[in-house]
Trainee: 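Handing you this structure, nothing more for now.
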Amino acid sequence: KVHYHKWEITYQYKSPDCLNKLAITINGQTPGPTIYASQGDTIVVEVKNSLLTENTAIHWHGIRQIGTPWMDGTEGVTQCPILPSDTFIYRFVVDRAGTYMYHSHYGMQRSAGLNGMIVVKVPEGFKEPFSYDREYSILLNDWWHNSTYDQATGLLMPENQFKFVGEPQSLLLNGRGRFNCSLAASGSCNASHPECAPLKLIVVPGKTYLLRIASVTSLSALNFEIEGHSLTVVEADGHYVDPFIVKNLNIYSGETYSVILRADQNPTRNYWLASNVVSRKPGTPTGIGLLNYYGIPHGRFPPTAPPSGPLWNDTYYRMKQSWATRAHPNFNEPPPAKSNRVIILLNTQNRIDGLTRWSLNNVSHDFPHTPYLIAVKNKLRHVFEQKPPPETYDIKNYDINVPPPNRNATRSNAIYKLQFGSVVDLILQNANTLTANNSETHPWHLHGHDFWVLGSGWGKFNPEIDPKNYNLKDPIMKNNVALQPYGWTAIRFKADNPGVWAFHCHIESHFFMGMGIVFEEGVNRLGKLPTSIMGCGQSKVGN
Ligand SMILES: O=C1O[C@H]([C@@H](O)CO)C(O)=C1O
């Protein structure tokens with residue numbers, strides 16, 4: 001089955017948290033429309049860029065694009081940007097049931113509102129390993145009142161004027177938040193604007209619900225809780241989980257989970273849905289919504305205060321959830337026992353020519369003006385640096401617990417060439433930022449593949465000892481995984497999807513500041529590239 005969508009991207013005045021500001025919308029909406037399909041279906045999205053003065057590109061996050069790497073929507077990697085007034089047609093197959101998302105992959109546009117969800121149902125006749133009466137989707141986000149131009153400019157200021165995006169003003173549930181209007185300039189905020197009426201999930205006592213939850217945040221790691229109700233985790237990033245029960249769910253930017261909710265509490269009142277910041281010192285009020293028991297007026301707020309979530313800096317609490325997330329026994333596809341290559345990536349914050357940047361093994365990533373896929377396939381490799389980036393860092397001598405002794409890094413647009421079909425381990429090693437006694441959480445997202453999460457731990461990864469404790473039995477497969485402060489995370493994947501693929505921190509500002517790398521694999525196996533992805537840099541006709 002083919003699902004056709006016609007989208008027009010425009011700026012509109014919106015009030016997602018009651019404060020009126022410009023947002024990037026799809027057909028006038030932010031978040032954009034949810035894409036529904038069944039496994040094996042084809043999605044066609046005709047995207048018309050009506051932004052007037054801004055390019056765009058849309059990434060289908062979690063869809064592996066097997067055989068269609070040019071449809072991944074990653075500007076600078078898989079396509080040229082879609083110019084204002086131009087139309088680009090995305091066409092791809094959703095080959096695995098699950099919960100996914102889409103968002104802009106151009107500049108910092110994701111933060112401006114260009115995002116939404118993708119729900120892929122199991123094919124006819126197939127039964128999921130859990131049951132429910134109906135389902136709801138919940139897209140979690142964070143939201144700022146200044147513009148992404150303002151944010152990007154601040155990030156590009158030299159050292160003493162550097163301005164970080166800072167903590168968001170609001171947390172949104174399905175695009176709905178609640179800023180305290182008494183803090184806003186008069187006339188700009190309307191507490192009873194219909195766009196900021198809290199999300200309400202109506203439940204019937206005794207019934208069971210599947211909640212598909214995705215986080216498209218630009219900065220925040222979140223904790224999602226439904227007051228008084230436990231949640232059973234059953235899916236993560238499109239893979240079935242050996243079910244486990246949580247009081248609340250930690251979810252990092254770029255992750256999706258499905259949980260089972262039973263409407264089994266006192267049905268004579270409503271309950272809070274709560275989204276709280278974790279892993280950074282919160283400066284944002286709890287994002288709220290309502291679990292509305294059928295028959296209770298949906299405007300009736302609970303008599304209690306919304307849950308405030310776990311302690312923001314309780315890293316162990318969050319690690320325990322990661323360790324509990326394992327493949328469902330009936331859907332377990334264990335990884336190859338050995339890998340062909342191990343790439344260790346030290347995550348540091350650095351300075352380059354006075355600018356604040358993030359680096360992997362002391363290299364901060366830049367993108368060439370000609371997308372890599374076109375450069376590699378069409379013999380234009382000269383547009384990027386050919387000396388490969390480093391495979392590791394000085395494990396023996398580098399102290400991850402203090403700011404980088406040599407804070408200067410280099411910039412490069414070099415990429416890693418992977419042997420087609422090989423098995424690759426990536427070890428993410430966290431470290432102290434430029435600020436003493438500070439290390440941050442980074443959610444890492446791989447395009448074009450799912451990876452096995454082999455393990456994670458505290459302190460410095462030891463290549464002799466830690467691999468002995470990898471979970472090779474039932475690791476979950478994901479496309480997004482958290483690297484905790486001062487910790488390490490090990491993942492394994494098969495380089496079996498011809499194309500060029502980004503692997504990056506899913507924090508919008510960190511990616512903007514160079515926190516990513518790029519892989520090429522099997523590009524010679526691809527047929528002719530579609531000309532629709534071309535038209536910039538060296539890929540212009542006539543070049
Ligand atoms: O990239 C970042 O910069 C700031 C801080 O490290 C420097 O101001 C911060 O919290 C980030 O995540």
Side-chain angles (χ1 to χ4, degrees), residues 107-111 141-169 171 215-222 250-255 276-284 312-313 315 318 345-367 399-411 428-445 480-487 489 503-517:
M108 290 182 35
Q109 269 177 3
R110 191 176 92 219
S111 313
N141 201 2
D142 46 10
W143 189 249
W144 281 260
H145 290 165
N146 62 347
S147 71
T148 49
Y149 288 109
D150 192 339
Q151 296 188 346
T153 305
L155 298 176
L156 291 171
M157 296 304 276
E159 191 167 347
N160 50 358
Q161 297 160 64
F162 171 81
K163 202 169 106 213
F164 190 56
V165 299
E167 298 309 310
Q169 274 67 59
L171 298 176
S215 172
V216 73
T217 57
S218 289
L219 176 66
S220 315
L222 298 174
N250 301 300
I251 178 165
Y252 302 89
S253 175
E255 282 191 316
N276 283 292
V277 169
V278 286
S279 100
R280 294 182 67 94
K281 190 163 196 271
T284 313
W312 71 270
N313 55 359
T315 310
R318 304 196 310 274
L345 299 162
L346 175 70
N347 290 228
T348 54
Q349 196 180 33
N350 303 78
R351 292 262 151 70
I352 301 176
D353 301 330
L355 298 186
T356 307
R357 300 279 297 185
W358 289 89
S359 309
L360 288 314
N361 297 339
N362 239 27
V363 178
S364 186
H365 196 82
D366 278 331
F367 287 87
D399 185 353
I400 64 159
N401 295 307
V402 297
N406 168 16
R407 54 182 219 168
N408 293 320
T410 51
R411 315 173 72 120
L428 294 159
Q429 174 65 60
N430 215 336
N432 204 102
T433 62
L434 286 166
T435 311
N437 301 313
N438 181 254
S439 181
E440 299 186 3
T441 306
H442 301 286
W444 278 86
H445 174 55
N480 207 100
V481 73
L483 173 63
Q484 301 291 354
Y486 300 109
T489 297
F503 179 54
H504 62 91
C505 175
H506 209 258
I507 291 175
E508 191 86 317
S509 48
H510 290 184
F511 179 56
F512 185 82
M513 294 155 85
M515 199 168 203
I517 58 174

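Given the structure is predicted, the values throughout are model-derived calculations rather than measurements. Throughout, numbering of the chain's residues begins at 1 and tracks the sequence. Start at 1 and go down the list; that is how both ligands and their atoms are numbered.
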Trainee: Can you say whether the rings of His510 and His442 are parallel (under 30°), tilted (30 to 60°) or perpendicular (over 60°)?
Mentor: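 Taking His442 first and then His510, their aromatic rings sit tilted (interplane angle of 30° to 60°).
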
Trainee: Do you know the tightest heavy-atom contact between Ala409 and Ile352?
Mentor: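 Looking at all heavy atoms of both residues, the closest pair is O-CG1, 3.4 Å.
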
Trainee: Check the angle between the aromatic planes of Phe367 and His365 and answer parallel, tilted or perpendicular using the 30° and 60° thresholds.
Mentor: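 Phe367 and His365: perpendicular rings.
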
Trainee: What protein heavy atom sits nearest atom 1 (O) of ligand 1, and how far off is it?
Mentor: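 Closest protein heavy atom to atom 1 (O) of ligand 1: Trp358 NE1, 3.0 Å.
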
Trainee: So, Gln151 and Asn146: side-chain donor and acceptor under 3.5 Å apart, yes or no?
Mentor: yes

Trainee: Please could you name the atoms of ligand 1 that His510 approaches to less than 4.0 Å, counting only its heavy atoms?
Mentor: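 So the answer, numbered in order with elements, is 1 (O), 2 (C), 11 (C), 12 (O).
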
Trainee: Will you find, in the side chains of Trp144 and Asp150, an N or O donor that is under 3.5 Å from an N or O acceptor?
Mentor: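 Trp144 vs Asp150: no donor-acceptor pair found between side chains.
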
Trainee: How are the rings of His504 and Phe511 set relative to one another: parallel (under 30°), tilted (30 to 60°) or perpendicular (over 60°)?
Mentor: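 Ring orientation, 0 to 90° scale: tilted.
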
Trainee: Ligand 1 and Thr433, any nitrogen or oxygen pair closer than 3.5 angstrom?
Mentor: no

Trainee: Quick check: does Glu440 get an N/O under 3.5 Å from an N/O on ligand 1?
Mentor: yes

Trainee: How far is atom 2 (C) of ligand 1 from the closest protein heavy atom, and which atom is that?
Mentor: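 Heavy-atom neighbour on the protein nearest atom 2 (C) of ligand 1: Phe164 CE1, 3.2 Å.
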
Trainee: Write out the residue and atom name of the closest protein heavy atom to atom 6 (O) of ligand 1, then the distance separating them to 0.1 Å.
Mentor: Gln349 NE2, 2.9 Å

Trainee: Any N or O on Thr435 sitting closer than 3.5 Å to an N or O of ligand 1?
Mentor: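 No, since none of the N or O atoms of Thr435 sits under 3.5 Å from an N or O of ligand 1.
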
Trainee: Students should be able to answer this: which protein heavy-atom is nearest to atom 8 (O) of ligand 1, and at what distance?
Mentor: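 Result for atom 8 (O) of ligand 1: Phe162 CE2, 3.5 Å.
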
